Visitor: 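Pasting a structure here, questions to come.
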Amino acid sequence: MGLPAAVRDRVAAVHRGSALPDRLRLYDGWAARYEQDVAALEYRAPHLAAASLAFAFPAPHAEARLLDVACGTGLVARELHRRGFRCLHGVDGSAPPLSRAGTGRGEPRRVPPVTPCVLAEHYDAVTLVGALGEGQVPSTVLPELLRVTRPGGFLCLTTRSNPSNLRYKAELEAALGQLERSGAWQKLLAQEVEYWERAVTEEESTQGNGYISGVVYIYQKCPVPHLEEG
Ligand SMILES: C[S@@+](CC[C@H](N)C(=O)[O-])C[C@H]1O[C@@H](n2cnc3c(N)ncnc32)[C@H](O)[C@@H]1O
């Protein structure tokens with residue numbers, strides 16, 4: 001069954017190359033329909049990321065402090081809540097999706113406006129799902145994600161392998177590898193998933209099967225403080 005044309009248009013609009021402020025405005029306008037549209041898209045990233053993190057993360061989960069970056073409407077936090085995580089904070093560059101999160105069980109509470117140093121090494125795990133992609137969150141964010149994660153804590157990241165995101169994905173993987181070589185973190189998982197979400201155009205279908213593939217990465221921050229070179 002094909003995707004409804006209106007869903008295809010809304011998804012295609014946020015996938016199309018545009019400057020970040022314009023793209024965030026598209027997310028502002030998409031917030032009310034986001035969850036029903038991504039259900040039609042068979043968007044599995046929140047489920048896959050939460051399952052991978054819960055598997056890697058030593059129990060118990062309830063007291064662990066988690067930060068969901070680019071949390072949108074809170075789909076990742078809801079999946080984590082189902083797996084026993086209870087202390088969930090979220091941030092997003094677009095206010096309307098964030099205001100829809102935090103209104104029910106298992107949804108992230110908005111991170112209060114605190115000075116950045118307060119958050120240093122504060123979180124047991126940080127997630128960034130569905131937003132590490134061309135025109136969204138740049139890979140230069142990685143050191144900041146590491147900074148707010150406690151030594152020994154976990155980072156769960158995702159990206160997509162559709163043709164228009166391959167250049168970004170290569171840059172991201174270079175940055176991930178560089179941080180691993182410098183001793184900042186250790187890779188625990190890089191899981192390629194074929195049926196990540198439905199493609200909205202033929203050209204974006206990774207294997208010509210109507211779907212985009214994607215990757216879940218899990219990293220563990222090294223317990224020894226990372227010393228910058230130079
Ligand atoms: C595809 S949605 C994913 C939301 C949620 N993580 C999920 O999986 O449902 C991407 C989210 O990233 C946010 N976003 C994209 N680029 C951003 C940036 N540079 N800074 C902050 N938020 C950003 C958007 O506002 C949007 O809510």
Side-chain angles (χ1 to χ4, degrees), residues 7-8 10-53 66-83 85 88-104 106-111 113 116 119 125-145 148 155-162 164-165 168-169 171-172 175 193 196-200 204 212 214-217:
V7 175
R8 199 195 333 265
R10 286 193 287 271
V11 175
V14 295
H15 283 187
R16 254 194 304 273
S18 56
L20 181 62
D22 297 333
R23 204 175 289 237
L24 290 177
R25 261 192 294 280
L26 288 170
Y27 277 109
D28 292 351
W30 194 20
R33 294 200 188 92
Y34 175 80
E35 292 193 4
Q36 76 190 48
D37 284 2
V38 299
L41 199 64
E42 301 172 34
Y43 172 64
R44 298 169 63 217
H47 162 80
L48 294 165
S52 301
L53 180 61
L66 265 64
L67 177 65
D68 186 20
V69 178
C71 64
T73 59
L75 290 180
V76 176
R78 255 172 274 156
E79 290 283 346
L80 290 166
H81 189 272
R82 286 181 48 216
R83 291 166 175 80
F85 293 95
L88 301 155
H89 289 170
V91 282
D92 197 285
S94 166
L98 187 55
S99 68
R100 301 182 81 81
T103 52
E107 297 186 344
R109 272 178 290 134
R110 196 188 286 243
V111 170
L119 289 179
V126 173
T127 54
L128 207 174
V129 174
L132 281 170
E134 195 68 53
Q136 297 201 69
V137 179
S139 58
T140 51
V141 76
L142 298 177
E144 181 62 5
L145 303 183
V148 298
L155 297 100
C156 175
L157 315 170
T158 72
T159 196
R160 302 181 312 150
S161 310
N162 51 308
S164 65
N165 200 49
Y168 177 94
K169 186 184 172 198
E171 280 171 18
L172 175 69
V193 178
W196 187 261
E197 67 188 49
R198 294 174 73 173
V200 292
E204 286 294 53
I212 281 173
V215 196
V216 182
Y217 308 93

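FYI, the numbering just counts along the sequence from 1. Note that the coordinates shown come from a computational prediction; the quantities given were computed from them, not determined experimentally. Order of listing sets the numbers, starting from 1, for every ligand and every atom in it. Excluded from the calculations below are hydrogen atoms, water molecules and symmetry mates; all remaining heavy atoms, backbone and side chain alike, are included.
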Visitor: Given Val141, Asp92, Val91, which one has a non-hydrogen atom that is nearest to atom 13 (C) of ligand 1?
Guide: Asp92

Visitor: For Tyr34, is at least one N or O under 3.5 Å away from an N or O on ligand 1?
Guide: yes

Visitor: Would you check if Thr159 and Tyr217 make a side-chain contact, meaning some heavy-atom pair closer than 4.5 Å?
Guide: yes

Visitor: Starting from atom 19 (N) of ligand 1, which protein heavy atom do you reach first, and at what distance in Å?
Guide: Leu20 CD2, 3.3 Å

Visitor: Check ligand 1 against Gly130 and write out every atom of the ligand that is under 4.0 Å from a heavy-atom position of the residue.
Guide: 1 (C), 10 (C)

Visitor: Can you list the atoms of ligand 1 that are under 4.0 Å from a heavy atom of Pro46?
Guide: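 Counting from 1, the qualifying ligand atoms are 8 (O).
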
Visitor: Kindly indicate whether the side chain of Val11, heavy atoms from C-beta on, has any atom under 4.5 Å from the side chain of Arg198.
Guide: no

Visitor: At what distance is the nearest protein heavy atom to atom 8 (O) of ligand 1, and which residue and atom is it?
Guide: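 Going by distance alone, atom 8 (O) of ligand 1 is nearest to Tyr43 OH, 2.6 Å.
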
Visitor: Identify, for atom 15 (C) of ligand 1, the protein heavy atom at the shortest distance, and state residue, atom and that distance.
Guide: Gln136 OE1, 3.3 Å

Visitor: Hey, are Arg78 and Glu35 close enough for a salt bridge, meaning a charged N less than 4.0 Å from a carboxylate O?
Guide: yes

Visitor: For ligand 1, which atoms, with element, lie under 4.0 Å from some heavy atom of Ser94?
Guide: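 Those of ligand 1 that fall under 4.0 Å from Ser94 are 25 (O).
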
Visitor: Would Pro138 count as being in polar contact with ligand 1, using the rule that some N or O on each side must be under 3.5 angstrom apart?
Guide: no

Visitor: For Asp68 and ligand 1, does the shortest N/O to N/O distance drop below 3.5 Å?
Guide: no

Visitor: Any carboxylate oxygen within less than 4.0 angstrom of a Lys/Arg side-chain nitrogen, looking at Asp22 and Arg25?
Guide: yes

Visitor: Does a side-chain heavy-atom distance below 4.5 Å link Arg10 with Val7?
Guide: yes

Visitor: Under a 4.0 Å heavy-atom limit, does Val69 contact ligand 1 with its side chain, its backbone, both, or neither?
Guide: neither

Visitor: Which atoms of ligand 1 have any heavy atom of Gly93 under 4.0 Å away?
Guide: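 Near Gly93, meaning under 4.0 Å from one of its heavy atoms, ligand 1 has 21 (C), 22 (N).
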
Visitor: Please report which non-hydrogen protein atom sits nearest to atom 14 (N) of ligand 1, along with the residue it belongs to and the distance in Å to one decimal place.
Guide: Leu24 CD2, 3.7 Å

Visitor: Pick out which of Thr127, Val129, Leu145 makes a side-chain contact (heavy atoms from CB on, under 4.5 Å) with Leu157.
Guide: Leu145

Visitor: What's the shortest heavy-atom distance between Cys156 and Val216, and which atoms?
Guide: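 In terms of heavy atoms, the two residues are closest at SG-CG1, 4.2 Å.
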
Visitor: Kindly assign one of parallel, tilted or perpendicular to the pair Trp30 and Tyr34, based on the angle between their ring planes and the thresholds 30° and 60°.
Guide: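 Perpendicular.
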
Visitor: Please classify the Ala70 to ligand 1 contact at 4.0 Å (heavy-atom distances, strictly less than): side chain, backbone, both or neither.
Guide: both

Visitor: Give a yes or no answer on whether the side chain of Asp68 reaches the backbone of Gly90 with a donor-acceptor pair at less than 3.5 Å.
Guide: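 No; zero donor-acceptor contacts below 3.5 Å.
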
Visitor: Under a 4.5 Å cut-off applied to non-hydrogen side-chain atoms, are Cys71 and Val76 in contact?
Guide: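 SC-SC contact between Cys71 and Val76 ruled out.
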
Visitor: Which of the atoms of ligand 1 are close to Val129, meaning less than 4.0 Å from one of its heavy atoms?
Guide: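 Contacts of ligand 1 toward Val129, numbered from 1: 3 (C), 5 (C), 6 (N), 8 (O).
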
Visitor: Does Cys71 have a heavy atom less than 4.0 Å from any atom of ligand 1?
Guide: yes

Visitor: Report the nearest protein non-hydrogen atom to atom 17 (C) of ligand 1: residue, atom name, distance rounded to 0.1 Å.
Guide: Val137 CG2, 3.6 Å

Visitor: So does Gly72 get a backbone contact from the side chain of Asp92, meaning a donor-acceptor N/O pair under 3.5 Å?
Guide: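 Yes.
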
Visitor: Residue-level breakdown please: for Val38 versus ligand 1, do any non-hydrogen atoms fall below 4.0 Å on the side chain, on the backbone, on both, or on neither?
Guide: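 Within the 4.0 Å criterion, Val38 makes no contact with ligand 1.
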
